[in-house]
Each structure stands twice: as C-alpha cells, then as structure tokens.
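Notes follow the structure.
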Amino acid sequence: MHKTKKMICAVILHFRVFLFTTIAPLCNAFTPSSLAALQAPLSAQHLYSRRIKKCRFTRQRSLYGQVPFQEELSDSFFDASLINSEQVRLSVSTSVGIEPDTELPCVLNAISSVCEEFGIPFEHGNIRTDPLPFHPEAIPGVLGRVLLIHVDGVPDTIVADDTDLISQIKIYASEQIDGILAGGEEQRQPILLAFRNRNSEDSLENVIAKEISDYGLRDAIESSKHGSETSRRQSDDSKFLPSKHFEIDGAFVQSSIDSPADTHFDTSSIIVFDNLVDPSLRKRLLNVVKGNPEEAPDESNESEFGPDPNRWERGGLIDVVDEDGTERTSNGTCWGLTDDAIVDICFSHHPAIAEFETTLSHLFSDFVVSRLPEAVFGDCISPLTANAPTHGDTFENHIDADPLQVPPSPWADVFGRYPNRSSGKPRFVSCLLYLNECWDSDWGAPTRFLDPPTQQTIDVIPKPGRCVIMDQDISHTVVAPNVEAGKRPRYSLVWKLILHPKTLKQDMKDLYCGRKQVWPDPTIVGSARVS
C-alpha cells in the first residue's frame, strides 16, 4: 500500500441520514438491528465512479497531477445536458439470484427512495424473477445476482448506463443496497444493478461482461492474452520449480457462497522461487524501482546515504488502512516510493516489468492473471509498489487484502465476498521480488509470516532475484535490516495480483499448473496441521 492524496473511505453524511430515515423503515424483511453495519462510514463513492470505469488509468494519473483529467474523458461519458431528466423513467425488468420474498422488496424500496431523491419515476410491478444465480461458463467466478432495470427517455444512440444521471443513481443505490444486505446476521451478498436502454437486447452474460470490461475487473496482464497453454508449459519449465513451499494459517471456512453451511479445512500458501528471475532481469527491475534507465550501471553508495530522496520519501510506506479508512504507517518514517514514482512503475511502459509479467503468466498458465484493479479498494492500494526498509524502521503485521472483506464496490457487485481460495472464485495473491545485487545474511531483513492461532512465525530470507508468491490474506511483516547493513535499503518490488479461474468450479488451491510431481512437498506451519 502507498501514500496517496485521497482516502479510500469518505463519509457521505447526507446519505447516511437518508439511509436511516427513509430506507430502513421501508425494509420489512430486515430488523433495525440488522442495519447496524450502516452506522460505519460508507465506502468511497469513487469506487463506482464512471471516471474510474471509463478512464481509470487517466484518473489515477490525474490524482497525482500527471495528466489533466478532462483531456481523456471517454466519448461515452455524458453529462445531464444531453438527456432530458424529466423524460427519464426506470422500470425493473428481471431479477436473477435475488430471493424474491425477503431480499427483493428491500432492494426495490431502496432504489425507489433513491429515484425519489432524483425525481425519477420508478416502476417495479411486473418483474421476471429467477431465484437461482446466473453463472456463465465464459466468465467463471461471477456472483450472478443481477437486477436488470430498463431506462426510458434516453436516446438509443446513448448508452443509458454511461450517462451522468444514471451513474449517480447507480452509485447511491448500489452502496445502500450492499450496506443493507451485508448488515444482517446472514451477511447477504451484493447485487449488480444493470441499467439498460429500453430497446437493448443485451443478454445477462453481456450485461456482466460489460461491467467487468468497464471497470477492468478481469484485465489480463498483456502476456496472458496470447499463446496456448502448451507453448507456455514448454517454456523452460525448470525455473518454475519452487525451492520452498509452506502452508500456514489453517481454519475451517465456508465451502461456497451457495452453500454457507458447508465448510472445509483451508490453509494459505507461501511459495518461494529462486530461478524465476535471472541476474540481468533483476538488475533491470532494480533500475526501474530506482527510476534509472534499465541498462544503467549501479553507481550509488546507498550503504552510506540510503535511498534516493528524489524517488523515495519518509512516511511513504503504508502498512495498514484502518477500519475508518485512515492510512497510517508503522512509525511514520519508513521509506516508500513517491506518488510520481508509483504512477511511473504502474502505468509507464517498462520492458523489464512486462518481461516478468510474462513469466508470471507462464507460471500460472491455468489462470487469467490480472493486476489488482482500482475498483476493488480504490486508489489507496496500487497494483505495484516497492519497499526499501532500512535499519531502525519498525513495521507491523498486516494482510494485503481479503476478498471476504472488500468494501462496497463494482468488484463486490460482480464477484461477491468469499474466502480466498474458494472453488471457482478469483484468488488474491501477492508477488514479492527481492532486488538487491547482493544481500549478506548478517544484514537480516526477512519477510516474516505469522500463523495467528499459534503465533508461530517463519522467515523468508532475502536473496538476489528471489520471488515469493503468497496469499494476500496471510499475516506478515517486513523486518528492518540489522545494524550491520548500515543505511543500505533492502529493495523489493511487489505485485498485487488476482488469479481468475478459467473454468467453473475450478480448484483454486491448485497452483501447480501441471507441475505437481516436481514440486516439493509443503512444510506445514502451526495451525495448518490438522490434528
């Protein structure tokens, strides 16, 4: 995580009051106590913003003052002047995967109240309902809870879902519905609200696919888009052999969203590779992190002066985002990349980063590999970042992310909330790459992983080019270098990734991708051992 000029969570006071005074009394299917979760700050409105949806990379750059925002607005983003709001009417057409007796009335009341605030008529008297969720084979892992709403009064030449008016209605209605459904004891799943022109003939699959495309929820890293699995498996398979494999943090978890009573024993994985990155690529990636040309020689004397203050700043490394949305560092003095440097490594073209992402796509050839999209947590968590701990820094245990705890967002609407590694659901993993040309064992600075039930820890020692793949819901921390390291920083580059299944009900625990026979047996740590 990194320092930004915006927080992920903004309290929208007007709509919090509106929720309790207007919507809650209308929701007969839920008791007032079930709405307690709504007393927490609402998630950032910008998670649903069309300016993320249509221009998510432009928006990120504009946040850091790189590109004037208005220069790259999509042609399909329309302001209210292009439609006559007095002619706009909404009517619900189809409900899929939503319980018709308990959930649907509350959802409709919430939308009706939002439409009333906007002065838009809303009809919901004749709805086709199917209580079973829709799971298209072409898009494995989706939640499949959709409410299709027809829009009258918008010309067919304009996509209703892309207008400013409909976008705002969707923002408020989606957040409020998610808060109501997630606030009950059963913690019900979110719903995708899809607004379509009256004459639109989009299938449900196309509706879901458009939402995924609009928000970049399943954008494959470039090398994942081309080439057959056979060709990938034939590419120097020996470098995909791990040197270490750990299973940690065992617990019984819900087996599936559709069967919440069913449980199974689950563990998190840490996999260490020492041959994925050759010395040349490691050097080029280090230069990218430092802001140098990829082929530049290393002439810095960081053992005396530490990281370059033009590229790094004290307080830039963020370990934790608090429940109230406040970003904080462990001690406020840890080195982290500047905002401009974050934008550079995330959005500028770097051949070294593209080359390593090609390696990642070959390593995980059974999956669609994507970077963590902004529409999961907002711009407070970048898909790539770098660390440069030095002696004297202090850090705290944290997790990178957990799909069970994502805030109200387009991601939650499409994929839901679920335990990481659930069958057929996207898996959240991080990739940590150590970049120093040499790192003496006396200098320390391991990455330390914690098994919370037993408090047992394991350390992964930095080595030049060593790569660590870990589930994002593992508790871990950076350990600062020892005094023997001087001011020398321990550099690492971190990818936040999502592994999407390619088939329905795919086994997401299986990261072998056809190489299980040559992988080492895992070392079982703490609670991961079933007694």
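All values below were derived from every heavy atom in this structure, side-chain atoms included, with hydrogens, water molecules and symmetry-related copies excluded. One is the number of the first residue; the rest follow in order along the sequence.
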Tell me, with the steps shown, if Ile177 and Leu181 meet side chain to side chain contact (heavy atoms under 4.5 Å, CB included). CA-CA 6 Å; Ile177 290 169; Leu181 295 177; 3.7 Å; yes
Go through it in stages, so that I can follow the logic: the residues are Val151 and Asn197, the test is side chain to side chain contact (heavy atoms under 4.5 Å, CB included), and I'd like the CA-CA distance, side-chain angles, deciding distance and then a yes or no. CA-CA 5 Å; Val151 182; Asn197 299 60; 5.8 Å; no
Do Ser91 and Arg198 pass the side-chain hydrogen bond (donor to acceptor under 3.5 Å, both in side chains) test, and can you show the C-alpha distance, the side-chain angles, and the key distance before you say yes or no? CA-CA 9 Å; Ser91 58; Arg198 168 66 65 179; 2.9 Å; yes
Working for side chain to side chain contact (heavy atoms under 4.5 Å, CB included), residues Leu165 and Val88: CA-CA 10 Å; Leu165 174 64; Val88 173; 4.1 Å; yes
Check step by step if side chain to side chain contact (heavy atoms under 4.5 Å, CB included) holds for Arg284 and Leu281. CA-CA 5 Å; Arg284 290 161 53 210; Leu281 179 55; 3.9 Å; yes
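The OG atom of Ser200 sits 9.0 Å away from atom CG of Asp156, with the distance rounded to the nearest 0.5 Å. Distance check, rounded to the nearest 0.5 Å: CG of Asp249 to OG of Ser269 gives 11.0 Å. We find the CD1-CG distance between Ile127 and Asp130 to be 13.5 Å, quoted to the nearest 0.5 Å. Taking CG from Leu363 and OH from Tyr512, the interatomic distance works out to 13.0 Å, rounded to the nearest 0.5 Å. Going from atom CZ of Arg145 over to atom CD1 of Ile208 covers 12.5 Å, rounded to the nearest 0.5 Å. Here Ile353 contributes atom CD1 and Leu384 contributes atom CG; the two are 5.5 Å apart, rounded to the nearest 0.5 Å.
With contacts defined as side-chain heavy-atom distances shorter than 4.5 Å, the pair Leu433/Phe273 does not qualify. Contact of the Arg196 side chain with the Val207 side chain is registered, since non-hydrogen atoms from C-beta on lie closer than 4.5 Å. Looking only at side-chain heavy atoms (C-beta outward), Phe367 and Ile498 stay at 4.5 Å or farther from each other. Side-chain contact between Pro131 and Pro100 is present, with heavy atoms from C-beta onward closer than 4.5 Å. The shortest distance between side-chain heavy atoms of Val142 and Phe415 falls below 4.5 Å. The side-chain heavy atoms of Leu108 and Leu147, taken from C-beta on, include a pair separated by under 4.5 Å. Side-chain contact check for Leu499 versus Leu511: some heavy-atom pair is nearer than 4.5 Å. Within the 4.5 Å cutoff, side-chain heavy atoms of Leu143 are placed close to those of Pro190.
Using a cutoff of 4.0 Å between basic side-chain nitrogens and carboxylate oxygens, Lys210 and Asp202 are not scored as salt-bridged. The existence of a salt bridge linking Glu211 and Lys170 is confirmed by a sub-4.0 Å separation between a basic side-chain nitrogen and an acidic carboxylate oxygen. Ion pairing between Glu103 and Arg188 holds under the 4.0 Å rule for side-chain N and carboxylate O. A salt bridge between Asp344 and Arg311 is present, with a side-chain N of the basic residue lying under 4.0 Å from a carboxylate O of the acidic one.
Contact record, Lys502 with Gln506: N-OE1, 2.7 Å, taken as the closest heavy-atom pair. Nearest heavy-atom pair across Cys467 and Leu276 is SG-CD1, 3.9 Å. Of all heavy-atom pairs spanning Pro410 and Ala375, the tightest one is CD-O, 3.7 Å. Among all heavy-atom pairs drawn from Val369 and Leu360, the shortest one is CG2-O, 4.3 Å. Scanning both residues, Glu205 and Ala138, for their nearest heavy atoms gives OE2-CB, 3.4 Å. Taking each heavy atom of Val96 and Leu132 in turn, the nearest pair found is CG1-O, 3.4 Å.
Classification of the Trp411-Phe428 ring pair by plane angle, with boundaries at 30° and 60°, yields perpendicular.
Side-chain contact annotation: Glu99 with Thr102, donor-acceptor N/O pair under 3.5 Å present. In this structure, a donor-acceptor pair under 3.5 Å is absent between the side chains of Thr385 and Lys496. With 3.5 Å as the limit, one finds a donor-acceptor pair spanning the side chains of Asp400 and Ser430. Side chains of Thr94 and Arg128: a donor on one and an acceptor on the other come within 3.5 Å.
A donor-acceptor pair under 3.5 Å links the side-chain atoms of Arg427 to the main chain of Met508, judged by distance alone. In this structure, the side chain of Glu294 does not engage the main chain of Asn287 through any donor-acceptor pair within 3.5 Å. Looking only at distances, no side-chain donor or acceptor of Lys505 sits under 3.5 Å from a matching main-chain atom of Pro140. At least one donor-acceptor pair closer than 3.5 Å links the side chain of Ser409 to the backbone N or O of Pro407. Between the Ser348 side chain and the Ile345 main chain, no donor and acceptor come within less than 3.5 Å of each other. Between the side chain of Thr358 and the main chain of Ala354, a donor-acceptor pair closer than 3.5 Å is present. A donor-acceptor pair under 3.5 Å links the side-chain atoms of Gln189 to the main chain of Arg417, judged by distance alone. Panel note: side chain Tyr418, backbone Gln254; no donor-acceptor pair is recorded below 3.5 Å. Checking side-chain atoms of Asp178 against main-chain N and O of Ser174 turns up no donor-acceptor pair under 3.5 Å. Judged by distance alone, with hydrogens and angles left aside, the side-chain atoms of Glu357 form no donor-acceptor pair with the main-chain N or O of Arg371 at under 3.5 Å.
The only option from Asp473, Asp507, Asp402 that meets the salt bridge (Lys or Arg N to Asp or Glu O under 4.0 Å) definition with Arg421 turns out to be Asp473. Of the residues listed (Asp413, Leu148, Ile111, Val92), the one engaging Leu193 in a side chain to side chain contact (heavy atoms under 4.5 Å, CB included) is Ile111, and it is the only one.
For Phe356 and Trp495, the ring centers sit closer than 6.0 Å to each other. In this structure, Phe364 has its ring center no closer than 6.0 Å to that of His500.
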